[in-house]
Amino acid sequence: MTRPLIAANWKMNGDLALAEAVIAGLAEGGGGGVDVLLCPPFVYLREVARMARQAKVDGLMVGAQNLDYHAHGAFTGEVSAAMVADAGCEYVIVGHSERRALFGESDDDVARKAQAARGAGLAAVVCVGETFAEREAGRTEAVVESQLAPLAGFFAGGGGGGGDGCDFAVAYEPVWAIGSGQSATPGDARAVHELIRRRIAARNPAAANRARVIYGGSVKPGNAAGLFAEPGIDGALVGGASLAARDFLSIIRGGYAD
Ligand code: PEP
């Protein structure tokens, strides 16, 4: 298995004190053999990247939660991929379900963002996942496939660059599990992870071997180990539980401890 990736999506939360607590905890206890990605709000990126570099923790990286796929121009309030890279980031999350639902991002927008990330030398964490209604209707696989379809060209061009030698990860995040306290079962998540890996492999077998397919949706200290024990779950994208340094460190250590 590739080295696991545990990513923190702070959303519009957190501050430099939280970054300091997490980074100090990692520096003290080590990263536990996993790659750790911190994704704070834009305004904190440069400073958190500086703090991460200074701490010299193996596998610690910083990423943005979003970007605009245009290179530059009259797009008030937006931030380009080159700007995210310039702030010291190695990663960016694209296609989070909140971006899709609240800000109207389409599957094509997400693919453009992933390509823009690559163009700027950033690795993308591409998020996909079905809503509760879609799941109830038995459409999970069809929905995830339709979200992946515009990414075919992106997957085909995938190469080195990210912490795992691949410049993207895919996060399976069932929308109904995000922030709900109810995570997917390891077995259900595994089935979708396998589907995702097959779809990447169809475009780029080498990238499918290297890319990490991670799970997101109510990952907590109490359920992380069970999820991570499942073959094909290469880590996690963590929202709520990444806002308490202790919980986030416990997920990192409890799940994939050496
Ligand atoms: C997320 O928003 O990406 C997420 C997984 O949130 P939570 O862990 O709070 O469900």
Worked check of salt bridge (charged side-chain N to carboxylate O under 4.0 Å, His left out) between D35 and R212: CA-CA 11 Å; D35 285 346; R212 290 173 286 197; 2.8 Å; yes
- request: Kindly determine whether V94 and N66 satisfy side-chain contact (heavy atoms from CB on, under 4.5 Å), including the steps that lead there.
  value: CA-CA 6 Å; V94 298; N66 181 34; 5.7 Å; no
Next on the checklist: V34 vs L5, test: side-chain contact (heavy atoms from CB on, under 4.5 Å). Steps then yes/no.
Outcome noted: CA-CA 6 Å; V34 307; L5 173 68; over 6 Å; no
task: Decide yes or no on side-chain contact (heavy atoms from CB on, under 4.5 Å) for Y215 and V192, but give the supporting numbers first.
output: CA-CA 10 Å; Y215 169 79; V192 182; over 6 Å; no
- Task: Determine, stepwise, if the pair V62 / L45 fulfils side-chain contact (heavy atoms from CB on, under 4.5 Å).
- Result: CA-CA 7 Å; V62 176; L45 288 174; 3.9 Å; yes
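Listed for the N9 side chain is no donor-acceptor partner under 3.5 Å among the backbone atoms of G239. S218 contributes no side-chain N or O that, together with a main-chain N or O of S183, makes up a donor-acceptor pair within less than 3.5 Å.
Every residue was checked against the side-chain contact (heavy atoms from CB on, under 4.5 Å) condition with R246, not counting sequence neighbours, and none meets it. Taking the salt bridge (charged side-chain N to carboxylate O under 4.0 Å, His left out) definition, one finds that R190 meets it with E194, E230, sequence neighbours left out. F154 is linked by a ring pair (Phe, Tyr, Trp, His ring centres under 6.0 Å) to F168, counting only residues two or more places apart in sequence or in another chain. With sequence neighbours excluded, the residues forming a salt bridge (charged side-chain N to carboxylate O under 4.0 Å, His left out) with D107 are R100, listed by chain and number.
Applying the salt bridge (Lys or Arg N to Asp or Glu O under 4.0 Å) rule to pairs touching residues 63-87 yields R46-D86, sequence neighbours excluded.
The shortest side-chain heavy-atom distance between P4 and D234 does not fall under the 4.5 Å cut-off. Between L16 and V48, the closest side-chain pair of non-hydrogen atoms falls below 4.5 Å. Considering only heavy atoms from C-beta on, P41 comes within 4.5 Å of Q65 through its side chain. Put simply, the side chain of P231 does not reach to within 4.5 Å of the side chain of I233, judged on heavy atoms.
Both cation-pi conditions hold for R112 and Y69: the charged atom is under 6.0 angstrom from the six-membered ring centre and inside a 45 degree cone around its axis.
To the nearest 0.5 Å, the span separating CG on L38 from CD1 on I6 amounts to 12.0 Å. In this structure, the separation between CG on L26 and CD1 on I252 is 5.0 Å, given to the nearest 0.5 Å. In this structure, CD in E47 is found 12.0 Å from CG in D15, a value given to the nearest 0.5 Å. Atom CG of L237 is separated from atom CD1 of I93 by 5.0 Å, given to the nearest 0.5 angstrom. One distance of note links CG of L18 with CD1 of I23; it measures 9.0 Å at 0.5 Å rounding. Put simply, CD on Q182 and OG1 on T185 are 10.0 Å apart, with the number rounded to the nearest 0.5 Å.
Residues S146 and P150 approach most closely at O-CD, 3.3 Å, considering heavy atoms. The two residues A245 and A21 come nearest to each other via the heavy atoms CB-CB, 3.7 Å.
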Please set out all donor-acceptor pairs under 3.5 angstrom arising from side-chain atoms of residues 122-141, sequence neighbours excluded.
{"unit_1": "E130", "atom_1": "OE1", "unit_2": "Y172", "atom_2": "OH", "d": "2.9"}
{"unit_1": "E130", "atom_1": "OE2", "unit_2": "Y172", "atom_2": "OH", "d": "3.0"}
{"unit_1": "E130", "atom_1": "OE2", "unit_2": "W176", "atom_2": "NE1", "d": "2.9"}
{"unit_1": "T131", "atom_1": "OG1", "unit_2": "E134", "atom_2": "N", "d": "3.2"}
{"unit_1": "T131", "atom_1": "OG1", "unit_2": "E134", "atom_2": "OE1", "d": "3.2"}
{"unit_1": "E134", "atom_1": "OE1", "unit_2": "T131", "atom_2": "N", "d": "2.8"}

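Heavy atoms from other residues, nucleotides or ligands lying under 6.0 Å from CD of E145 number more than 12.
Among the candidates L67, V84, V92, the single residue satisfying the side-chain contact (heavy atoms from CB on, under 4.5 Å) test with V79 is V84.
Clustering ILVMFWY residues whenever any of their side-chain heavy atoms sit less than 4.5 angstrom apart, transitively, puts M83 in a cluster other than the one holding F75.
A salt bridge is defined here as a Lys NZ or Arg NE, NH1 or NH2 lying under 4.0 Å from an Asp or Glu carboxylate O, and R210 with D167 fails to meet this definition.
For the residue pair D247 and S250, no side-chain donor N or O sits within less than 3.5 Å of a side-chain acceptor on the partner.
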